[in-house]
Amino acid sequence: MEFRMAKWEVYLRVIAILFLVSTACLVAFDTQTKVVFLMISKKATYKDLDALKILVYVTSTAAGYNMLQLCKHTFSALPTISNFKTSYYMYIAWITFLLDQIVVYLTFATNTAAFQAAIFALNGSEAFQWMKICNKFTRFCEQIAGALLCGYIAPIIMTMISAISAYKVFRMYSSKRFMHFKGK
């Protein structure tokens, strides 16, 4: 059971990395230049919206975190002294669980902020006197939409990873005595 769960965690982390890197690349490399007025041209990039910049940074960091967790699986497979490995496992399981939770929430929140900014770019806002820009930069907006779709799939996958982390943490505790470890 433990080996199968670790294998699924590795698969899910690899898939999450692919979606996170896809999101970061789709946003970061998305540019479109249009002639706005006569000879004046405007280039749309992710740097024009702070929410898109933060999305690139957070998804890149989340992908790096998941890569480090894959390295942790390699390290934990090495033979060690059993006492050290048991105490090490307890601390690492808690840290991994908490970090997995943080990464899921951050990626979801960042993606939601970028989605809200994209809605303003799509519809504009009369109250703020913001113009629609997606009618001028359609390819740019379509690529951002694809990135946001990838960006929403990644936290869903990372939620599954977080559930595996929660199982690993809470299986160490006794079901009969509150906050006591299981006996050997």
Side-chain angles (χ1 to χ4, degrees), residues 5-73 96-166:
M5 192 170 299
K7 190 167 75 169
W8 273 105
E9 184 180 354
V10 168
Y11 291 150
L12 288 172
R13 285 198 190 276
V14 168
I15 293 169
I17 289 169
L18 292 174
F19 277 107
L20 289 165
V21 168
S22 295
T23 301
C25 288
L26 282 171
V27 173
F29 297 124
D30 187 14
T31 61
Q32 185 177 5
T33 305
K34 284 280 192 168
V35 174
V36 180
F37 183 72
L38 297 175
M39 300 294 283
I40 300 170
S41 63
K42 171 68 177 141
K43 184 175 184 178
T45 67
Y46 78 100
K47 295 175 184 175
D48 295 335
L49 280 173
D50 287 337
L52 294 179
K53 279 197 286 192
I54 293 169
L55 179 67
V56 170
Y57 300 146
V58 168
T59 54
S60 300
T61 304
Y65 165 74
N66 280 300
M67 287 293 288
L68 286 174
Q69 288 297 326
L70 288 177
C71 293
K72 180 198 75 160
H73 279 284
T96 300
F97 170 65
L98 293 173
L99 288 175
D100 282 345
Q101 292 287 312
I102 290 168
V103 169
V104 169
Y105 291 133
L106 275 178
T107 54
F108 183 77
T110 306
N111 211 48
T112 302
F115 180 74
Q116 189 251 344
I119 292 296
F120 277 129
L122 182 65
N123 297 327
S125 175
E126 287 184 31
F128 293 117
Q129 297 178 354
W130 291 343
M131 300 181 339
K132 298 178 188 179
I133 63 165
C134 283
N135 57 353
K136 292 176 181 61
F137 298 98
T138 52
R139 188 188 54 76
F140 177 80
C141 290
E142 288 169 357
Q143 192 165 332
I144 293 297
L148 290 175
L149 179 66
C150 289
Y152 273 119
I153 292 172
I156 292 169
I157 293 169
M158 290 188 299
T159 300
M160 291 183 235
I161 295 168
S162 187
I164 292 172
S165 296

Show the numbers, then the answer: is there a side chain to side chain contact (heavy atoms under 4.5 Å, CB included) between T61 and L106?
CA-CA 10 Å; T61 304; L106 275 178; over 6 Å; no
Taking all atoms of both residues into account, what is the closest heavy-atom pair of [X] and [Y], and its distance?
X: A24; Y: T59; value: CB-OG1, 3.5 Å
X: I157; Y: A16; value: CG2-CB, 3.9 Å
X: T107; Y: P155; value: OG1-CG, 3.7 Å
X: A63; Y: L20; value: N-CD1, 3.6 Å

How many angstroms lie between [atom1] in [X] and [atom2] in [Y], if you round to the nearest 0.5 Å?
X: R139; Y: T33; atom1: CZ; atom2: OG1; result: 8.5 Å
X: N66; Y: L18; atom1: CG; atom2: CG; result: 10.5 Å
X: L122; Y: T138; atom1: CG; atom2: OG1; result: 11.5 Å
X: Q101; Y: S165; atom1: CD; atom2: OG; result: 8.0 Å
X: I161; Y: Y11; atom1: CD1; atom2: OH; result: 14.0 Å
X: I102; Y: F97; atom1: CD1; atom2: CZ; result: 10.5 Å

Can any side-chain N or O of [X] pair as donor or acceptor with the backbone N or O of [Y] at less than 3.5 Å?
X: N111; Y: L55; answer: no
X: S162; Y: M158; answer: no
X: D48; Y: T45; answer: yes

Find out whether [X] and [Y] are in side-chain contact, i.e. whether some heavy atom of one side chain is under 4.5 Å from a heavy atom of the other.
X: R13; Y: Y65; answer: yes
X: I144; Y: L148; answer: yes
X: L70; Y: I17; answer: yes

Got a sec: does the CZ of F115 have more than 12 other heavy atoms crowding it under 6.0 Å?
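No, CZ of F115 has 12 or fewer neighbouring heavy atoms, counting only those of other groups under 6.0 Å.
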For a side chain to side chain contact (heavy atoms under 4.5 Å, CB included) check, start with the C-alpha distance between L12 and I164, then their side-chain angles and the critical distance, and finish with the verdict.
CA-CA 10 Å; L12 288 172; I164 292 172; 4.0 Å; yes
Would K42 and F137 satisfy side chain to side chain contact (heavy atoms under 4.5 Å, CB included), going step by step from the backbone distance to the final call?
CA-CA 10 Å; K42 171 68 177 141; F137 298 98; 3.8 Å; yes
Taking V104 as the fixed residue, which of L99, T159, I156 is the one that meets the side chain to side chain contact (heavy atoms under 4.5 Å, CB included) rule?
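Of the listed options, the one satisfying the test is T159.
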Stepwise, does the side chain to side chain contact (heavy atoms under 4.5 Å, CB included) test hold for T112 with Y152?
CA-CA 8 Å; T112 302; Y152 273 119; 3.1 Å; yes
